[in-house]
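This report concerns only the one structure given below.
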Amino acid sequence: MYRTTTCGELRTEHQGKSVTLCGWVDSNRDFGGVQFINLRDRYGITQVVFSTKIGTDQFELARSLRSEDVVQVEGIVELRPDGIVNKKIPTGEIEIKADNLTVLNRSEVPPFQTGVPEVPAEELRLKHRYLDLRRPAMQKTMILRHRIMKVMRDYFDENQFVEIETPVLGKSTPEGARDYLVPSRIAQGSFYALPQSPQLYKQILMIAGYDRYVQIARCFRDEDLRADRQPEFTQLDVEMSFIEMEDILDIISGLVKRLMKDVLGRDLELPIPRLSYDEAMERFGHDAPDLRYGMELVDLTEIVKDCDFRVFSEPAQNGGRVRGINAKGAAEKYSRKDIDVLNQYVVENFGVKGVAWLKVDADGSPAGPIAKNFKPEELAAISQKMGAEPGDFLLFSADTFATTCRVLNGLRRRLASELKLVDPNEMNYCWILHFPMFDWDEDEKRHVAMHHPFTAPLGEHVPLLDTDPGKIRAQAYDLVLNGFEVGGGTIRIHDSKVQSKVFDLLGLSLDTAKEMFGFLLDALQFGAPPHGGIALGLDRLVMLFGGLDNIRDCIAFPKTTKASDLMTGAPGEVAEKQLEELGIVVRADKI
RNA sequence: GGGGACGUAGCUCAAUUGGUUAGAGUACUGGACUGUCGAUCCAGUGGUUGCGGGUUCGAGUCCCGUCGUCCUCGCCA
């Protein structure tokens with residue numbers, strides 16, 4: 001037996017106990033006649049004391065220990081002498097008086113130290129991920145991730161859900177993200193696609209009668225990466241039959257409450273607040289608003305419609321919008337230089353000419369370079385509508401509705417962060433409901449599905465399929481946590497007439513649709529129950545539950561922004577023979 | 001595909017804005033020390049300043065290219 005005890009569990013009540021510990025050397029403090037080794041494993045750190053009484057050979061061996069050496073220590077649990085307890089660690093009241101030391105394995109000098117506060121460069125961490133994952137902060141996150149998955153599985157099991165695995169090698173279905181493709185050796189020239197989500201399979205499972213399905217599923221999307229986006233990610237995937245939207249919201253609300261309780265030990269009051277998509281865009285300019293702070297968007301279109309300031313009046317008269325946000329009391333925190341930075345930010349990120357702003361003077365009147373363009377009563381109206389008080393900082397966007405949304409959402413988030421309006425401990429959930437059914441694709445001059453082509457419209461909007469599809473709102477819902485979309489789902493269409501109309505609007509002929517997902521269309525004709533579902537992004541949930549700011553820290557072996565794995569070198573070249581077997585010919589000009 | 005930041009000792013960073021032999025902390029090596037816990041003290045090793053060009057009397061510093069990491073727009077049903 002290698003060990004009797006981990007490095008995190010010994011306390012004063014174990015005094016006198018004979019134990020054997022294994023772990024990695026965290027530090028070695030050598031005092032000549034006595035040495036202290038901090039021994040680390042994933043459970044914690046325990047101090048081991050070596051005195052000269054152990055014998056010269058063993059003492060010299062202990063002296064030779066260096067960071068990350070793997071050792072086994074036999075010894076007796078002793079209380080530390082009076083007054084020299086280490087309050088920083090849970091085992092700080094005891095230590096192990098070593099009787100025997102075995103070096104199980106030496107470590108090379110590590111490329112970075114695991115036990116210091118400084119976090120090494122991410123490139124280095126990813127290259128030596130085995131060392132990075134040894135850092136207590138990473139171990140905490142991996143264990144948090146496990147806890148969340150465990151609570152999820154228990155919760156769904158208790159609610160009669162069945163976890164069913166769906167294939168990783170599937171069929172490419174266009175629309176949506178770019179697929180990762182896997183060439184078929186047996187059918188040369190044909191390809192499998194890795195799933196972007198188990199969407200179609202889980203609908204098939206509903207038709208097959210598994211009325212409550214769940215899966216913690218790996219999904220793949222070959223798109224560019226972000227701080228909160230990886231090409232390979234994990235979803236909690238759920239689908240239910242004989243249900244309406246409310247049933248999905250209920251079951252997921254219950255899950256979230258349970259996660260808050262069991263993982264974070266915190267209470268979550270239900271119901272989770274709800275906003276319609278239209279309201280979210282109106283009040284926050286985004287479909288995943290962060291509700292931990294105010295600074296809501298205020299519409300000023302009517303007020304400025306006939307003003308002399310053409311930057312405002314032109315969009316207002318031409319179907320656009322003029323809106324603003326009020327950063328309360330922030331006027332003095334933003335110098336002209338700071339505002340230049342904000343201006344540069346909106347120019348670079350949103351392709352607009354700049355940001356218009358006003359600061360509210362002590363007498364309550366808005367001032368700034370653009371103020372002279374307005375009549376006093378216009379300024380007063382703007383001021384009143386925005387609830388402006390002395391010291392407030394007002395920012396404006398005048399453009400199309402969509403652009404004002406993007407600009408003001410960006411500014412709202414940025415200012416909230418800079419002004420520290422966010423309580424980092426708050427966990428703020430909301431549901432966003434009734435997403436538009438279709439987006440208008442300006443390039444292709446056609447409607448595209450906002451979610452997927454099987455999303456059901458709101459019942460009362462079905463007639464609009466024939467008259468005004470752009471106005472249709474879908475039975476689609478997103479779960480938002482602290483301004484991040486952590487989940488989304490829809491109720492599916494199970495009426496074939498409605499389904500054909502939707503295909504029509506999307507410009508999909510029945511033949512094309514059949515070619516793309518004929519198997520689902522077939523299945524829908526053999527007794528499909530009313531059904532719907534949702535998927536939650538597990539990696540993002542872990543990120544938010546762990547108070548982290550990037551998704552790579554929540555994934556054991558993540559990819560870089562160029563989608564490579566710095567540890568293994570994937571993606572890598574393969575032998576010519578492998579390509580030959582797959583019938584893949586590399587073009588000469590690419591070699 | 002576009003925009004931006006960064007790249008200096010094993011690691012984390014500095015280098016007075018183009019000027020002497022590129023420094024510090026830490027790690028590492030050797031030494032001292034019997035109660036430390038990010039131990040301390042003494043000494044030492046350690047550099048193709050990512051790579052390739054260019055400008056200059058002179059480049060870590062400026063310019064061009066390239067590679068890598070990160071942030072971001074597009075993209076992500």
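Just so it is clear: chains get the letters A, B, ... in the order the sequence lines come, proteins before strands, and each one is counted from 1.
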In whole Å, measure the gap between the [atom1] atoms of [N] and [M] for me.
N: rA9(B); M: rU49(B); atom1: P; result: 10 Å
N: rG4(B); M: rC64(B); atom1: P; result: 11 Å
N: rC67(B); M: rA27(B); atom1: C1'; result: 28 Å
N: rC42(B); M: rC33(B); atom1: P; result: 16 Å
N: rG1(B); M: rU12(B); atom1: P; result: 29 Å
N: rA59(B); M: rG19(B); atom1: C1'; result: 10 Å
N: rG25(B); M: rG38(B); atom1: C1'; result: 12 Å
N: rU45(B); M: rU29(B); atom1: C1'; result: 7 Å

To the nearest 0.5 Å, tell me how far [X] [atom1] sits from [Y] [atom2].
X: Tyr180(A); Y: Glu232(A); atom1: OH; atom2: CD; value: 8.0 Å
X: Lys337(A); Y: Asn343(A); atom1: NZ; atom2: CG; value: 15.0 Å
X: Ile204(A); Y: Leu520(A); atom1: CD1; atom2: CG; value: 5.0 Å
X: Leu297(A); Y: Phe284(A); atom1: CG; atom2: CZ; value: 8.5 Å
X: Thr560(A); Y: Leu126(A); atom1: OG1; atom2: CG; value: 7.5 Å

Which nucleotide in the set [options] lies at the smallest distance from any side-chain heavy atom of [X]?
X: Arg221(A); options: rU69(B), rC76(B), rC28(B); value: rC76(B)
X: Glu118(A); options: rU12(B), rG35(B), rG68(B); value: rU12(B)
X: Asp224(A); options: rG74(B), rU69(B), rC71(B); value: rG74(B)
X: Ala227(A); options: rU72(B), rC11(B), rC37(B); value: rU72(B)
X: Gln113(A); options: rC11(B), rG74(B), rU26(B); value: rU26(B)
X: Asn349(A); options: rC70(B), rU12(B), rU72(B); value: rU72(B)

Practice item. Could you check whether Phe31(A) and the base of rU34(B) form a stacked pair, meaning centres closer than 5.5 Å and planes differing by less than 30°? Key: no
Could you check which nucleotide pairs with [N] in any of the strands shown, counting Watson-Crick or G-U wobble with both distances under 3.5 Å?
N: rU61(B); answer: none
N: rA43(B); answer: rU29(B)
N: rG74(B); answer: none
N: rA24(B); answer: rU12(B)
N: rU69(B); answer: rA5(B)

Is any side-chain N or O of [X] closer than 4.0 Å to OP1 or OP2 of [N]?
X: Arg229(A); N: rC75(B); result: no
X: Arg226(A); N: rC73(B); result: yes
X: Lys562(A); N: rG68(B); result: yes
X: Ser564(A); N: rU69(B); result: yes
X: Arg29(A); N: rU36(B); result: no
X: Arg406(A); N: rG74(B); result: yes
X: Thr561(A); N: rU69(B); result: no

Review point. Hey, which of these two, Pro111(A) or Arg66(A), hits RNA chain B nearer its 5' end, going by closest nucleotide?
Key: Pro111(A)
Practice item. Could you check Asp549(A) against His452(A) and say which one's nearest nucleotide on RNA chain B is further toward the 5' end? Key: Asp549(A)
Classify the nucleic acid contact of [X] as base, sugar-phosphate or nothing, counting any heavy atom under 4.0 Å across all strands shown.
X: Ile89(A); answer: nothing
X: Ser27(A); answer: sugar-phosphate
X: Gln47(A); answer: base
X: Ile45(A); answer: nothing
X: Gln35(A); answer: nothing
X: Pro81(A); answer: base
X: Glu95(A); answer: base
X: Asp222(A); answer: nothing
X: Arg552(A); answer: sugar-phosphate
X: Asn86(A); answer: base

Just checking, is any N or O donor in the side chain of [X] or [Y] under 3.5 Å from an acceptor N or O on the other one?
X: His286(A); Y: Arg413(A); result: yes
X: Arg406(A); Y: Ser397(A); result: no
X: Thr404(A); Y: Arg323(A); result: yes
X: Thr114(A); Y: Glu68(A); result: yes

Length of the line joining [X]:[atom1] and [N]:[atom2], which is rounded to integer Å:
X: Asn343(A); N: rG3(B); atom1: CG; atom2: P; result: 20 Å
X: Glu122(A); N: rC11(B); atom1: CD; atom2: P; result: 16 Å
X: Glu78(A); N: rU34(B); atom1: CD; atom2: C1'; result: 15 Å
X: Ile54(A); N: rU34(B); atom1: CD1; atom2: C1'; result: 15 Å
X: Phe59(A); N: rC33(B); atom1: CZ; atom2: C1'; result: 11 Å
X: Asn550(A); N: rC70(B); atom1: CG; atom2: P; result: 9 Å
X: Glu68(A); N: rU26(B); atom1: CD; atom2: P; result: 19 Å
X: Glu108(A); N: rC11(B); atom1: CD; atom2: P; result: 15 Å

Point to revise | Phe438(A) side chain near Val502(A) side chain, heavy-atom distance below 4.5 Å | key: yes
Review point. For the base of rC37(B), is there a side-chain donor-acceptor partner from Arg80(A) under 3.5 Å away?
Key: yes
